[in-house]
Amino acid sequence: MREDLFLKDYVDRKSLERVQLQRLRETLERVYERVPFYKRSFDAHGVTPSDLESLADLAKFPCTNKNDLRDHYPFGLFACPRTQVVRVHASSGTTGKPTVVGYTADDIGIWSEVMVRTFQCIGIRAGDVVQNAYGYGLFTGGLGAHYGLERLGCTVIPMSGGNTERQLMVMRDFGVSAICCTPSYFLHLAEQAEAAGVPIQKTRLRKGVFGAEPWSDSMRKRIEESTGISAFDIYGLSEVIGPGVASECEAKSGLHIFEDHFYPEIIDPDTGEALPPGEQGELVFTMITKEALPLIRYRTRDITALHYAQCACGRTLVRMDRISHRTDDMLIIRGVNLYPSQIESILLEVEGTEPHYQLIVSRAGVLDDLEVKVEVTPQVFSDEVRHLEALRAKLQEKIKSLIGLSAKVTFVEPGNIERSMGKAKRVLDLRENV
Ligand code: DLL
């Protein structure tokens, strides 16, 4: 079984495309027949499943988005009887009701398959001791990773998030070789390990399986240099399946999408037009094997580009760039568009800063203000004022020249910015309250 799963990543593209087309057809037919929403929406667009003759024809079909899920809360978009749904998860919306997703027993099988392939990409093997610090519960991270690790044959430690001291004790005592959590939570663990006098380097931890939130390559560099582990980016979203949609391999040059299950497209977020490979735009997925909730052309709001050239690792699966930002992440400050990840890269490229920061946006009168709060190393913090001023000027100048915005940079002591147990909250936008 393990061998078969492994081979799926190396299939020739012609055969893969044949399988994708077949699965797409079946999925379109199934949702058209079983989900009243899709019947109405396809009819309104003047398309029927038989209009799909090639993969490119998918662009004729209407997209779906988070609002469609909300409008049919909780189970209205399911394509199978509720009695066949063996599991639900939900993502906590910032406002109102959560987005609910469901799985049949076969969907759970697919999910563990793509998680096995994720761990294989990263070089985690049967017999590895893996600490799973993604949250267990309605969030998909914990159980998603858990099933994959068990199926691969790892010794899984179901820690869930939080309880940092206990996490560190388990990591040392159980000889953990890989950890799954958000990159921001790992930074917190590493910091606490250091403070307790047992830095990560002194443990057997070698690999980190990081995702669920945006993080930059500069952040990866910081993590790898300060802890000695190899850090991998994994991507997913509840609406598609959870974690297990895409994963970096040991070549670390993009994330392989498990496209025999999740068919990706890139569209222009403003016009909805399909964009060619290599161009950056909004990632859209059609789930071509899911039974309970197969969404058609689901708009993720995540911005990336796709690359079809074969990877150095030999996998033929398409690669996506690290997510650069979300369409709804964009801050507009005095007319300048800005993404938190751009600031993260600038902060972490200079020496003396710590990878903990927060962006605070406020409005004084009619003008917006951006304050970049960042922790600095204890040495820098106790440095002479002129050194601090020089570092501040350097960061402000970089932000000005790369983003075109005058920001106020404030240095705070290590430990001053709140740590997260799951997804980090990087932006505090006070303008909503003005
Ligand atoms: O975060 C699933 C997941 C769990 C992925 C564990 C990886 C690891 P949601 O809570 O539905 O699902 O949030 C999905 O998180 O649309 C992205 O905006 C963001 N996201 C997930 N992975 C990454 C990543 C899980 N590697 C939303 N880089 C997605 C950047 C990510 N953003």
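Numbering of ligands and ligand atoms starts at 1, following listing order.
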Legend entry - Protein contact of atom 29 (C) of ligand 1 - nearest heavy atom, named by residue and atom, plus distance: Asp302 OD2, 3.3 Å
Legend entry - Atom CD of Glu279 with >12 non-hydrogen neighbours under 6.0 angstrom: yes
Legend entry - Donor-acceptor contact present, side-chain Glu375 to main-chain Ile417, <3.5 Å: yes
Legend entry - N or O pair under 3.5 Å between Arg326 and ligand 1: yes
Inset, instruction - Ignoring angles and geometry beyond distance, decide whether Ile234 reaches within less than 3.5 Å of ligand 1 through its nitrogen or oxygen atoms. - result: yes
Inset, instruction - For residues Phe210 and Ile223, determine if any side-chain heavy atom of one lies less than 4.5 Å from a side-chain heavy atom of the other. - result: yes
Legend entry - Nitrogen or oxygen atoms of Lys423 and ligand 1 under 3.5 Å apart: yes
Legend entry - Of the listed options Leu255, Ile323, Thr182, Leu237, closest to atom 14 (C) of ligand 1 (non-hydrogen atoms): Leu237
Inset, instruction - Measure Val245 to ligand 1 on non-hydrogen atoms and call it side chain, backbone, both or neither using the 4.0 Å cut-off. - result: neither
Inset, instruction - Under 4.0 Å from a heavy atom of Tyr235: give me the atoms of ligand 1 that qualify, with their elements. - result: 22 (N), 23 (C), 26 (N)
Inset, instruction - Using only heavy-atom distances, determine whether the side chains of Thr410 and Glu371 contain a donor-acceptor pair under 3.5 Å. - result: yes
Inset, instruction - Give a yes or no on whether Arg334 atom CZ has more than 12 heavy-atom contacts from other residues, nucleotides or ligands under 6.0 Å away. - result: yes
Legend entry - Heavy-atom nearest neighbour in the protein, as seen from atom 19 (C) of ligand 1, with distance rounded to 0.1 Å: Ala212 O, 3.9 Å
Legend entry - Distance-only polar pair, side chains of Glu213 and Ser184, donor-acceptor under 3.5 Å: yes
Inset, instruction - Could you tell me whether Gly242 and ligand 1 have an N or O pair separated by under 3.5 Å? - result: no
Legend entry - Heavy-atom side-chain proximity of Ile257 to Leu306 below 4.5 angstrom: yes
Inset, instruction - Please confirm whether the backbone N or O of Lys425 pairs with a side-chain atom of Lys423, one donor and one acceptor, at under 3.5 Å? - result: no
Inset, instruction - Pick, from Ser238, Ala145, Ala246, Cys180, the option with the minimum heavy-atom distance to atom 9 (P) of ligand 1. - result: Ser238
Legend entry - Under-4.0 Å salt bridge between Arg70 and Glu239: no
Legend entry - Polar contact flag for Trp215 and ligand 1 (N/O pairs, less than 3.5 Å): no
Inset, instruction - Note the single closest protein heavy atom to atom 24 (C) of ligand 1, along with its residue, its atom name and the distance in Å. - result: Glu213 O, 3.6 Å
Inset, instruction - Could you check atom 25 (C) of ligand 1 against the protein and tell me its nearest heavy-atom contact, residue, atom and distance included? - result: Gly236 O, 3.6 Å
